[in-house]
Every structure is written in C-alpha cells, then in structure tokens.
**Q** 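Just dropping this structure here.
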Amino acid sequence: MTALHDDMTHEVVLVGIGVSPGIAEGPVCLSTNVFDVPGEERVEEEELAGQLERFHAALGETKRQLGALRDRVAQEAGTDDAFIFDAHQLMLEDRSLIEEVERLMRKVPQKAEGAFYKVMSRYMDGMRRMDDEYLRERVADIDDVARRVVRVLRGHADAAAHDQPHILLALDISPSDTAVMDRTRVLGFASESGSHTSHSTIMARSMAIPAVVGLPDITARFHQGQPALLDGYRGLLIVNPTEETLENYRVVKRRKAALDRHLHEMIDLPAVTPDGQSLVLSANIEFANEVDGICAHGAHGVGLYRTEFFYIGRQDLPTEDEQAANYARVAAGCGPEGVIIRTLDIGGDKLHHLHHGLAESNPFLGWRGIRVSLSRHELFKTQLRAILRAGATGKVRLLFPMISCLEEITAARALVAECKDELRSEGRAFDENIEIGAMIEIPSAALIADVLAPEVDFFSIGTNDLIQYTIAVDRGNELVASLYQPFHPGIIRLMRMVADASERAGIWTGVCGEMAGEVLTTPLMVGLGFRELSMSAVQLPQVKFAVRRLPADQCRELVEEALRSRDAAHVMALCRDMAVQYYPELVAT
Ligand code: PEP
Ligand code: MG
C-alpha cells in the first residue's frame, strides 16, 4: 500500500539503459499495447440508465477521436492509409453490435466497459475460427477499436493522453511503432525490454527522441498523466520529479545546449586528425526524407540507407518505379558523396508480412537479409533494378547485408549482372559501374575477409550484428545486455582482420554499426584506419570533434594494446583514458 502510494506522489528514480540521448519532461502515457482486459463489474439496477448513457457517450467520443486521427493520417500519409479509420468508425455504428451490448447490460446490470468488451471478444473469437485469412487478420483492427472504446470509458483523459505531448511507457517498442511515432507528441520513450542496438532504439537516435530501455514493471507501476522526466544520457526515468530535480535538469539542458552549439560550429570542417588522417563521416538513415536533415549535422552523404523500412508497415510490396524514385531522391539529397543503399535486410527484429506463416524460433539466425533476397529473386531483382536505375541520376553504391560466405556474393553479383543486361536491352539508363560492397557483420565473413575482398569494391562493418553473432548475445535482449561488449578483444581482432584484408586487396572499409557513432570507440576506429564512419546524423558532430582532437599514431598504438588485451574492461579503460585526455568535454568522468 505504502509503496504504491509512494509511486503516486513521491519522486521515483529508476535506472535503465540510456539508448538515445536527450532529456524529456512531460506526463506519462501508457502505450496502447498495455491493456487491462475489463471484467464483469455488477452495478445496482438503478445505475443501469447511467451506464447505458456512458456507453453511448463513449461510442460518440471514440468516433470523434477516430475522425481526428483519420484527418491527421490523411494529411501526413495520404488518404489510402487514412481509409482504415473510416472502417473503424463504421464498426461503432453497427446496430446489432450496440443492441447486443445493451441486451447484456439489461440482463445483468453491469458497467459498460465489461459488457462491451465481452461482446466484442465474442465477435473476435468467432472470426479467429474462420477459414478466411483476410477475416482472421481483421481481428486486430476490431480489437484496436474495442480497446479504444474501453479506454474512453475508463476516463477521457486516458484516451486523449496520446494526443498530448507525453513520455511513452511501454513493455516493448517495435521498429514499426517507432516508425509511426509522432515526434511532436512523443517527447521520449521508456520500455521494459530493448537494448542499445535494437532497431527501435537505433531509430529513436535518428529521430532524436530520448529513450531509456530495460526498466522492468514500469507499465504496471505508473499511471497515465503522472509527471515524469526521462534522462536518455544517464538512462533514468524519474516519475513525480521534485522541483529540485527539475531545476537540476534545467541546468543540465542548458549545458548540453551550449555544447551542441559549439559542436555545430564545426560542421563544415573536415574530419581529419591533427596528424593528417582523414575520415569520411556519413549518416545512417531509415527513411528517404531523413536525407534532408543530414547536412545540418555535417554528414558527407549517406553511408547506410536501411531500405527495409520502405517495406515494413505496408501490406503490398513497393514497385520498381516507386523504389527507383525513392532512391533517386536520396541520391539527389546526398550530392557528390552519394548514398550507400543496402538491399533489403528483413528478418531478425525487422519482421514483415513476407514472413507470414514462418514462425522461426531463432529469427536472427534464420531467414534474414541476403538469405531472403537470394531465395526471392523477383523481389530482389526489383530492388536491384531500382538501385541501378537510381545510379544513373546520382552517386549510388550498392551494399549486401548479412554476407556469410563467398557464394552469396557470387550469386548476388550474378543477379546484378542479369539486371544490368535486362536494363540495357530495355534501353533504360542505369549505372554500369556501380560500386558493390559487402557488409561484414557475421564472424565467418570477417574470418574470410581476404577471400571476399577481391570480389567487392568496399566493406562496411556492421558492428551491431558482428558483436551479437561473435559473442552469441541477442542484441535486443536486455537480460544479456551486459554481455554485449563492443570492446571485447575478440571484436577488435575481427575488425583488424577485415581492415588488413581490405588494405591488402586495395579496397576501402567503413563502419556503419552503432560503434561508429560512439565517441568512446573513436580511438579504435581511427587506429584501425577505417576510411568511413556512418552513424545517426545526430551523433556526427561529436565524433567529428573527437576525430579532430585524436593523434592517429597514438590511436594505432592503442589498437595494438587492445589486441593484446585480455578483456573488454581493459580495452574500454584504454579508450576512456584517451577520450578523457583529448576530449573530456564529451565524456562523463
Ligand atoms: C549492423 O548490424 O551493425 C548494421 C549496421 O545493420 P543493422 O543494425 O541494420 O542490422
Ligand atoms: Mg546488421
């Protein structure tokens, strides 16, 4: 009782994993994924009229909310996507459904939410048993509407909260949740599960949404509307912050803003170490329109365009023309530095309806990335043709994800050649000499980097997966987050093998995993001699600042010592010492 009461009124500070920097302040809003199914709550006979009235008022209010949502989506995404809300509104006008709820309430006088949800559940159960797959899939829509009505019944503030700026609390946030997040309403998010390199948090960083994950029980402990602060730098969720805490954070915010201004003054300067080693710093993007913002952070083009988000969140597949236009738009936004377009890396935590019917017990070790593309030639060739065509309009490079062996590169290249032949005979413009790269993110690929290097024009090291697969630690699982060690000497050794193999073959290597954007790992990146680092654009000014302070020769010595190190803690200490020596402003000591 006291603990619960304390949660309601006293300041509660919870420590999780800060995965996207920034500070957010606002009321808590529980994700719609968190839903308490209403049970039957009996009322006295004389209260029945009031309950029926509540029921009808809630239907009216829900229809109003759906209308507002439809208008917003129509404005932001187009009328096709908004159409679904019309269907939802119609559901709430269904006479037989309304009468059934009323009948039940008259038979057993009870609160409206329990009766309504019971009737809706019966409908949903019936539909789940049907043979028709389309109808079965509509169950999720019905449930969505049913929950919305229940939330309205539980208190208007409850349902309206999602429309106000808030800090979202959820059990888990999927990449598609993040994709549709409205930046003006979601000030920050906190979730019970997740990790630094799960795709939803990678996207949160790109979208500059502060985020903290690994906070057990938050959705059960806190309530809609409680005031909160989210500290994405230190990984804190503070509910019911005191005036003193709020004031402290105002000071932190001012300090961070001053540092940001200072970093942004350098955006036009080159990323070159004091002793003359140059790096290309580029941006990772998930959506084409992000390209418009990357120059403001000083990015030289896009080093990784994760095209799977083009496929996620829709039922159909994007056509070749649609893709070609999208890729050309990104290339145009990048200027001469160009864009590296990675072919579809669906699978893992980025699931899509292509996977329907295929429940994999180990999705990260399963049908993912190039494996999907090589088993779905039509799908793959549509994308390859679009990329090749975009190459005729601007600087475009092609990158294959999840390469584990030579045969995959050979097969993928053969399909590129086939696409070129087709485009040539159709008389379409495309880039004959498009550069082709392989992601090195599976240990087997790193171990045979010398075999793969002559087959491609460049390597791009995906450290997120390389760490996950090398250490056998699920990158999205907070239970093993402490084992996820970018500084593990085994990771440094693999990266060194890749760097050496690419140098011998005369090709260049970049890094596009999250390690590229962390200022603590910058000494390693410089010391390993990578030509390009690609990261969330918001991280770029800090990395440039670090590069411009770090002597490359000392970074090379640091790498030699890291290679001789016995554990991650030692490598991390080496990097931290160097960071503190050369750019203390950026690292908390
Ligand atoms: C990586 O694995 O490091 C990478 C950049 O790819 P993704 O995060 O999309 O798997
Ligand atoms: Mg990867």
**Q** Taking atom CD as the centre, does E503 end up with more than 12 heavy-atom neighbours from other residues, nucleotides or ligands that are less than 6.0 angstrom away?
**A** no
**Q** Would you mind reporting whether L269 and R548 have side-chain heavy atoms less than 4.5 Å apart?
**A** yes
**Q** Begin from the C-alpha positions of E360 and R368 and carry the test salt bridge (Lys or Arg N to Asp or Glu O under 4.0 Å) through to its verdict.
**A** CA-CA 11 Å; E360 294 182 272; R368 181 183 166 191; over 6 Å; no
**Q** Just by distance, with hydrogens left out, do T307 and Q383 show a side-chain donor and acceptor under 3.5 Å apart?
**A** yes
**Q** Classify the ring geometry of F287 against F309: parallel below 30°, tilted from 30° to 60°, perpendicular beyond 60°.
**A** tilted
**Q** CD1/I461 to CG/L533 distance, rounded to the nearest 0.5 angstrom?
**A** 10.0 Å
**Q** Between OG of S502 and CG of D450, what distance do you get to the nearest 0.5 Å?
**A** 11.0 Å
**Q** Within the side chain of H297, is there an N or O that forms a donor-acceptor pair under 3.5 Å with the backbone of A299?
**A** no
**Q** Do side-chain atoms of Y469 reach the backbone of F364 as a donor and acceptor pair under 3.5 angstrom?
**A** yes
**Q** After noting the C-alpha distance and the side-chain angles of Q468 and D474, does the key distance pass the side chain to side chain contact (heavy atoms under 4.5 Å, CB included) rule?
**A** CA-CA 6 Å; Q468 143 164 288; D474 179 342; 3.9 Å; yes
**Q** Between the side chains of S282 and E337, does any donor sit under 3.5 Å from an acceptor?
**A** no
**Q** Under 4.0 Å between a side-chain nitrogen and a carboxylate oxygen: does that hold for D260 and K253?
**A** no
**Q** If we only count heavy atoms from C-beta on, is the L236 to Y249 side-chain gap below 4.5 Å?
**A** yes
**Q** Just by distance, with hydrogens left out, do Y311 and Q323 show a side-chain donor and acceptor under 3.5 Å apart?
**A** yes
**Q** Whether the side chain of R397 engages the backbone of D457 through a donor-acceptor N/O pair (distance < 3.5 Å, no angle test) should be reported.
**A** no
**Q** State, to 0.1 Å, how close W367 and R371 come at their nearest heavy-atom pair, and which atoms those are.
**A** NE1-O, 3.8 Å
**Q** Once rounded to the nearest 0.5 Å, what's the spacing between atom OG of S536 and atom CD of E286?
**A** 7.0 Å
**Q** Verify, without hydrogens or angle tests, whether Y583 (side chain) and V519 (backbone) share a donor-acceptor contact under 3.5 angstrom.
**A** yes
**Q** Using the rule side chain to side chain contact (heavy atoms under 4.5 Å, CB included), only one of N284, V291, N326 pairs with Y305; which is it?
**A** N326
**Q** Report yes if the side chains of I467 and M515 come closer than 4.5 Å at any heavy-atom pair, otherwise no.
**A** yes
**Q** Where do I442 and S404 come nearest, in terms of heavy atoms and distance?
**A** CD1-CB, 3.8 Å
**Q** Hey, does the side chain of N362 reach the backbone of L365 with a donor-acceptor pair shorter than 3.5 angstrom?
**A** no
**Q** Please find the pair of heavy atoms, one from L263 and one from P541, that lie closest to each other, and give the distance.
**A** CB-CB, 3.8 Å
**Q** Roughly how far apart are I434 CD1 and I387 CD1, rounded to 0.5 Å?
**A** 7.0 Å
**Q** Taking all non-hydrogen atoms of both residues, which atom of M439 and which atom of R342 are closest, and how far apart?
**A** SD-CD, 3.7 Å
**Q** As an exercise, state the distance from OH of Y484 to CD1 of I471, rounded to the nearest 0.5 Å.
**A** 8.0 Å
**Q** Go through it in stages, so that I can follow the logic: the residues are K544 and D268, the test is salt bridge (Lys or Arg N to Asp or Glu O under 4.0 Å), and I'd like the CA-CA distance, side-chain angles, deciding distance and then a yes or no.
**A** CA-CA 10 Å; K544 185 186 287 181; D268 294 326; over 6 Å; no
**Q** Would you say the side chain of L384 lies within less than 4.5 Å of the side chain of L398, judging by non-hydrogen atoms?
**A** yes
**Q** Using 4.0 Å as the upper bound for N to carboxylate O, is an ion pair formed by R255 and E585?
**A** no
**Q** Any donor-acceptor pair under 3.5 Å linking the side chain of T470 with the backbone of P443?
**A** no
**Q** Minimum heavy-atom separation for F459 and A449, please, with both atom names.
**A** CZ-O, 3.5 Å
**Q** Show, in sequence, the C-alpha distance, side-chain angles and deciding distance for L524 and L558, and conclude whether the side chain to side chain contact (heavy atoms under 4.5 Å, CB included) test is met.
**A** CA-CA 7 Å; L524 289 169; L558 176 140; 3.6 Å; yes
**Q** A side-chain contact here means heavy atoms from C-beta on lying under 4.5 Å apart; do P216 and E478 qualify?
**A** no
**Q** Take M572 and C575 through the side chain to side chain contact (heavy atoms under 4.5 Å, CB included) test and state the conclusion after the steps.
**A** CA-CA 5 Å; M572 182 148 124; C575 290; 5.7 Å; no
**Q** Mind checking the OG-CD1 spacing from S206 to I285? Nearest 0.5 Å is all I need.
**A** 9.0 Å
**Q** For the backbone of A208 and the side chain of R183, can you confirm whether one donor and one acceptor N or O come within less than 3.5 Å of each other?
**A** yes
**Q** Below 4.5 Å, heavy atoms only, C-beta onward: do L344 and F310 meet side chain to side chain?
**A** no
**Q** Could R205 and E514 be called an ion pair, given the rule that one side-chain N must be under 4.0 Å from one carboxylate O?
**A** yes
**Q** Is any side-chain heavy atom of R376 closer than 4.5 Å to one of T382?
**A** no
**Q** Is there a donor-acceptor pair under 3.5 Å between the side chain of Y327 and the backbone N or O of G391?
**A** no
**Q** For the pair V587 and L520, evaluate side chain to side chain contact (heavy atoms under 4.5 Å, CB included) and give the outcome as yes or no after the intermediate values.
**A** CA-CA 8 Å; V587 279; L520 268 192; 3.8 Å; yes
**Q** With heavy-atom distances below 4.5 Å as the criterion, would you say the side chains of D172 and S193 are in contact?
**A** yes
**Q** If we ignore hydrogens and angles and just use 3.5 Å, is the side chain of E192 paired with the main-chain N or O of I218 as donor and acceptor?
**A** yes
**Q** Taking the side chain from S565 and the backbone from E561, do they hold a donor-acceptor pair closer than 3.5 Å?
**A** yes
**Q** Identify the heavy atoms of V19 and H196 that sit nearest to each other, and give their distance.
**A** CG1-CA, 3.5 Å
